[in-house]
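Take a look at the structure set out below.
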Amino acid sequence: MNVNDYSASPGLSLDASVWFFAGQIEDTEPVRHVPVTTTPFKIGRRPDSSLSLPCGSVSKEHAIISDRDGGLWIRDLNSTNGTYVNGEKLIEEVQLQEGDIVQFATVVFRVGRQQKDSIESGTLQADMRDRTLAVVQFERLINRKSVVPFYQPIVQLGEHENPLVGYEVLGRSHVFGLRTPKEMFDTASHFGLESELSQIFRTRGIEVATQLPEHLNLFVNTHPKELMETGLIESVQELRVKNPARPITLEIHEAAVTDIKTLIRLRDSLVDLDIQLAFDDFGAGQARLLELSEVRPNYLKFDMQLVQGIYQAPASRQHLIELLVKIVNELEIIPLAEGIEYQEDHETLLQMGFQLGQGYLYGRPAAISKYADDQERFC
């Protein structure tokens with residue numbers, strides 16, 4: 001059948017709802033919600049297509065959608081790299097259903113329906129089934145290493161000529177449905193790939209950080225699952241081989257600080273690699289003082305719930321935190337307060353004996369472009 005055999009159909013002029021495609025073409029662009037208001041609806045690389053996809057993998061005339069009895073039917077136009085519906089390559093015309101995942105070569109969209117008045121008022125929104133698309137997109141995140149590292153400053157408290165000591169490396173992405181660490185790790189858990197994703201966070205974070213001065217310490221994270229699997233030391237060893245001079249600190253979440261023997265072996269391996277160790281989110285769960293005394297990390301990061309608003313906290317709470325900080329300092333572990341937002345907290349935490357701080361007061365998590373050009377303000 002020729003493309004011109006299709007004609008616009010009144011079946012799409014529904015009173016209640018309109019079909020649409022939701023997805024991204026490039027990682028850096030916002031999510032597109034493209035309404036299908038007329039047929040034939042052509043998809044391809046040509047700029048005059050109903051849905052133009054300027055990607056080399058997409059054919060000039062890739063696929064076409066027609067309307068019959070109010071339903072959408074899709075047909076591949078002998079494209080080079082194929083059209084797929086829910087992972088199945090199209091051989092013949094098929095009817096689309098709400099929630100279907102449609103892939104044109106490497107570009108993925110979700111099929112949805114929306115109230116017509118929402119489209120006309122410009123308020124077209126994604127729904128919970130974008131989660132399905134996020135699962136499909138996860139392979140793209142892993143295989144293309146589409147993680148975007150973010151960095152948050154860690155500074156010395158008190159009077160210092162240059163208070164900046166380093167950055168915590170955090171992960172974001174531009175992939176639709178996988179923007180935040182929670183979205184990414186929730187999806188990774190469906191595939192059992194939490195460790196692989198965590199490793200990508202570290203690798204990409206240190207690769208991109210070559211734009212930062214080499215003397216600054218990079219605090220990189222782990223996923224608790226990594227301590228139960230093999231491969232953590234090998235992945236960290238690779239970081240050191242590629243970055244022989246960069247100070248690196250590996251953060252272990254407090255929830256993973258349970259097996260003292262495993263942690264001691266990890267610490268000893270890190271010492272051999274000249275990599276430091278930090279316990280993260282101390283106080284968020286059980287304050288594990290026994291493990292702290294036996295493993296002796298280089299840094300202890302106090303959870304923000306303990307330190308935020310400390311300047312106006314009850315005296316009993318202030319006294320408890322001060323005692324904990326004293327113990328940590330006596331163990332020759334550097335205490336670091338997370339989540340500092342106000343100067344009053346900064347001053348109080350300094351008086352309590354905290355040596356390092358991290359939080360919005362010093363800088364929000366941001367892409368490398370912000371901090372690579374912003375070193376002078378810390379000098």
Residues in side-chain contact (heavy atoms from CB on, under 4.5 Å) contact with D272, at least two apart in sequence or another chain:
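In terms of side-chain contact (heavy atoms from CB on, under 4.5 Å), with neighbours along the sequence ignored, D272 is linked to no residue.
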Is there a donor-acceptor pair under 3.5 Å between the side chain of S49 and the backbone N or O of I43?
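Absent.
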What I want to find out is whether [X] reaches [Y] closely enough, with some N-O distance under 4.0 Å, to be called a salt bridge.
X	Y	value
E98	R113	no
E214	R246	no
E61	K42	no

Who else is in the cluster with Y360 when I, L, V, M, F, W and Y are joined by side-chain contacts under 4.5 Å?
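Its cluster partners, ordered by chain and number, are none at all.
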Between I101 and V85, is there a side-chain heavy-atom distance shorter than 4.5 Å?
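No - every pair of side-chain heavy atoms lies 4.5 Å or more apart.
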Within the 3.5 Å criterion, strictly below it, is a donor on [X] or [Y] matched to an acceptor on the partner's side chain?
X	Y	result
D281	Q305	no
E347	Q343	yes
T249	N217	yes
D76	S79	yes

For the pair Q199 and S235, evaluate side-chain hydrogen bond (donor to acceptor under 3.5 Å, both in side chains) and give the outcome as yes or no after the intermediate values.
CA-CA 7 Å; Q199 181 178 337; S235 73; 4.6 Å; no
Could you pull out all residues at least two apart from [X] that satisfy salt bridge (charged side-chain N to carboxylate O under 4.0 Å, His left out)?
X	answer
D268	none
E207	R204
E238	K242

Residue among Y167, Y151, F150, Y362 satisfying ring-ring contact (aromatic ring centres under 6.0 Å, His included) with Y371
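The single option meeting the ring-ring contact (aromatic ring centres under 6.0 Å, His included) with Y371 is Y167.
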Does anything in residues 66-89 form a ring-ring contact (aromatic ring centres under 6.0 Å, His included)? List the pairs, not counting sequence neighbours.
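Listed once each, the pairs would be none.
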Which of these passes side-chain contact (heavy atoms from CB on, under 4.5 Å) with D280: N221, I252, L336?
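Only match with D280 under side-chain contact (heavy atoms from CB on, under 4.5 Å): N221.
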